[in-house]
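Okay, so here's the structure we're looking at.
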Amino acid sequence: MSLTEAMDQYKRCLKQGQKDYRADVLRGRYPYPQVLDEILDESMCAGRVDLGLIEIPINQIVGTKSAGRKSAFASSFMPLLPIDTEFGAKWVKLCQAHLGTDGIRDPIKCYEYLGRFYVEEGNKRVSVLKSYGAATIPGQVTRMVPVETQDLAIQRYYEFMDFYRLAGIYQVQFERLGSYAKLQAALGYEPGYIWTKEERKSFLSSFARFREAFRKQGGDSLNVTPAGALLVWLGVNPFQALKDMTAAELSKSITAVWPDIKLLAEGGPIAISTVPPTGERSGILSKVFDSRPSHLNVAFIHTSNPGESVWTRAHDAGRRHLEEALGSKITVTTYPNVRSASEADRVMEEAVEAGADVIFATAPPLIGASRKVVARHPNVKVLVCSLDMSYAGLRTYYSRIYESKFITGAIAGAMARNDTIGYIANYPIFGVPAGINAFALGAQMVNPNAKLLLHWSCTAGDPGELFEKRGVTVISNRESPSPEQAAAGWGWGLSLFTQERQEIPLAAPCWNWGTFYEKVINSIFQGTWDAGKDGGKAVNYWWGLDSGVIDVQLGLALPDGVKRMALLLKDAIVRKSFDPFACKILDQDGQVRCDGSRSLTPEEIVQMDWLCQGVEGSIPSFDQLLPMSRSMVRLLGLYRDAIPPETEGKLL
């Protein structure tokens with residue numbers, strides 16, 4: 001490069017630097033590079049780590065170590081001093097070297113803090129290379145380790161340091177805790193696997209391709225990092241596809257998951273639909289442009305066979321109710337025994353190819369295949385039986401089973417021969433603590449001294465032996481999948497045990513899935529399917545006793561007075577004149593969770609991760625779970641973001 005060309009480059013960069021400076025001033029932003037010494041006090045630093053010579057992502061260089069040279073640069077590291085200064089002359093000389101035969105070979109020296117770099121030596125080298133759009137620059141780096149606190153940014157950074165120890169790359173930044181472990185698993189690596197140089201190079205090449213495509217589609221306007229968007233994309237696409245897709249195919253695949261990326265940018269909001277849609281769409285325009293269907297093809301996909309699973313049998317009973325209620329208006333196809341992820345992908349595509357307008361996936365493990373099918377076929381309505389899943393494009397459904405649990409708790413408080421009641425919970429997943437707490441509050445309403453002796457069926461141990469030792473006569477087992485099973489007894493719901501250990505069914509919370517399916521399909525026919533949609537949020541149906549989707553089956557042996565109490569409570573909850581959680585509630589540590597002056601919000605109830613006073617027992621950790629129970633907790637667990645993901649073999 002000639003001297004004239006280097007000087008022209010400086011003049012262009014000087015003009016850009018002045019423009020960047022003015023823009024920062026007008027927006028009230030700091031117009032110079034940030035100064036680490038002004039940001040970081042030694043008391044905030046837990047130590048220093050020499051990282052040696054590394055390739056620094058140049059877009060993560062944001063400032064200088066000290067304030068000495070800061071006024072020579074705009075915040076973009078473009079120059080601000082005139083070309084006839086000593087600074088300008090040195091910049092021009094470096095520019096000549098950069099495009100000459102030798103290039104800029106000397107590494108810079110800098111400090112890294114919270115994933116950002118601050119230059120101590122080599123500011124002009126950074127400026128020259130930034131002006132030519134260089135991706136990285138070699139540098140000797142010292143990491144300033146922050147003191148560990150509960151601050152979200154600090155917690156994220158500590159997760160990054162663990163990831164850097166394995167991957168050795170800085171280009172990946174996330175906004176959500178747990179994301180680094182999820183990326184490690186998504187690439188097929190065990191939690192502690194250390195990447196090879198070739199794997200690092202392969203990933204960075206594919207990631208750069210994704211990042212460029214993401215930004216071309218407006219990714220920079222979203223409050224989400226390219227790595228965060230990639231993790232969403234990997235939920236639908238295999239990593240290998242990044243190497244094989246054309247630019248057009250990659251762009252199309254990003255567009256398909258754009259609603260989920262936007263949802264991540266907004267913090268993953270969920271619109272909880274607590275009331276079934278009613279009535280029909282009205283208005284002049286709706287009559288002119290009426291697109292309501294006259295017939296629907298409906299597919300039910302189960303992870304097991306109705307003959308072997310009471311859960312699937314209950315949903316299959318709901319399917320039969322739907323067919324009887326709507327007759328020739330619908331055509332229903334059932335796909336049982338869909339047990340693996342690959343089989344779920346195949347079956348859902350098969351259902352779409354067969355003309356399915358609506359797909360009901362009746363178990364949480366089908367969520368992955370459901371996400372893929374809505375990305376590929378956005379016009380197909382897909383619903384997954386689950387709770388607290390924030391994915392755009394598909395909907396989830398469950399119910400406020402805690403309302404029924406409150407009623408059975410009140411029955412237990414009235415029927416127990418002593419103050420201790422046994423309670424068997426299934427999994428530590430969203431919605432379950434609400435059921436435990438509602439049951440305890442119902443029992444304590446009738447008997448203020450009532451205590452719950454809690455056992456989890458997903459952990460080791462014999463609850464029968466524990467309950468018998470404590471003289472427990474009333475035990476709450478799992479809720480019943482259907483009214484028929486509740487009526488049959490056989491360990492469902494609430495039971496009284498005689499001295500001879502004979503089981504007498506008292507009551508059982510149960511689902512009427514057919515009612516749910518009928519209401520949802522009718523909402524499509526009536527044009528009210530989108531009535532509960534809320535600004536692009538993920539929609540979770542969470543209906544209660546007032547919808548008829550859940551109920552309480554009362555046993556024949558229940559005394560008349562207790563039965564009357566149960567029916568009065570049910571009627572009050574249905575009419576919304578009584579709320580089980582609208583009272584003063586203390587947790588096991590004595591902390592006030594509700595002062596009684598208000599009702600808890602749906603979000604507070606769904607995401608309960610605490611137990612109230614009067615419950616003896618605790619929420620089990622992941623390590624305490626039986627192996628067969630862990631997959632469900634990975635999907636829906638209260639602490640799912642902290643669980644190391646499973647891997648499926650290396651993908652790089």
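Computed from heavy atoms alone, side chains included, the values below leave out hydrogens, waters and symmetry copies.
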- Query: Does the distance from a Lys or Arg side-chain N to an Asp or Glu carboxylate O, for D560 and R564, drop under 4.0 Å?
  - Reply: no
- Centroid-centroid distance, W511 to W311, less than 6.0 Å: yes
- So, F516 versus Y541, ring centres under 6.0 angstrom or not? yes
- In terms of side-chain heavy atoms, does K405 have a donor or acceptor partner in Y423 at a distance below 3.5 Å? yes
- Message: Less than 6.0 angstrom from the centroid, inside 45 degrees of the normal: does R292 satisfy that with respect to the ring of W529?
- Response: no
- Between D551 and N512, is any side-chain donor less than 3.5 angstrom from a side-chain acceptor? no
- Can a donor-acceptor pair be found between the side chains of S457 and N426 at a distance below 3.5 Å? no
- Looking only at side chains, do D595 and S597 share a donor and an acceptor under 3.5 Å apart? yes
- Query: Taking atom types as modelled, is there a side-chain donor on R319 or Y517 under 3.5 Å from an acceptor on the other?
  - Reply: no
- Task: Report yes or no: do S495 and E503 form a side-chain donor-acceptor pair below 3.5 Å?
- Result: yes
- Task: Give a yes-or-no answer on whether the side chains of Q613 and Q588 include a donor-acceptor pair shorter than 3.5 Å.
- Result: no
- Task: List the atom of P505, the atom of A557, and the distance in Å for their closest heavy-atom pair.
- Result: O-CB, 4.4 Å
- Query: Without hydrogens or angle criteria, can the side chains of T331 and H295 be said to hold a donor-acceptor pair below 3.5 Å?
  - Reply: yes
- Message: Tell me if the centroids of the rings in F581 and Y402 come within less than 6.0 Å of each other.
- Response: yes
- Query: Strictly by modelled atom types, are T312 and H302 linked by a side-chain donor-acceptor pair under 3.5 Å?
  - Reply: no
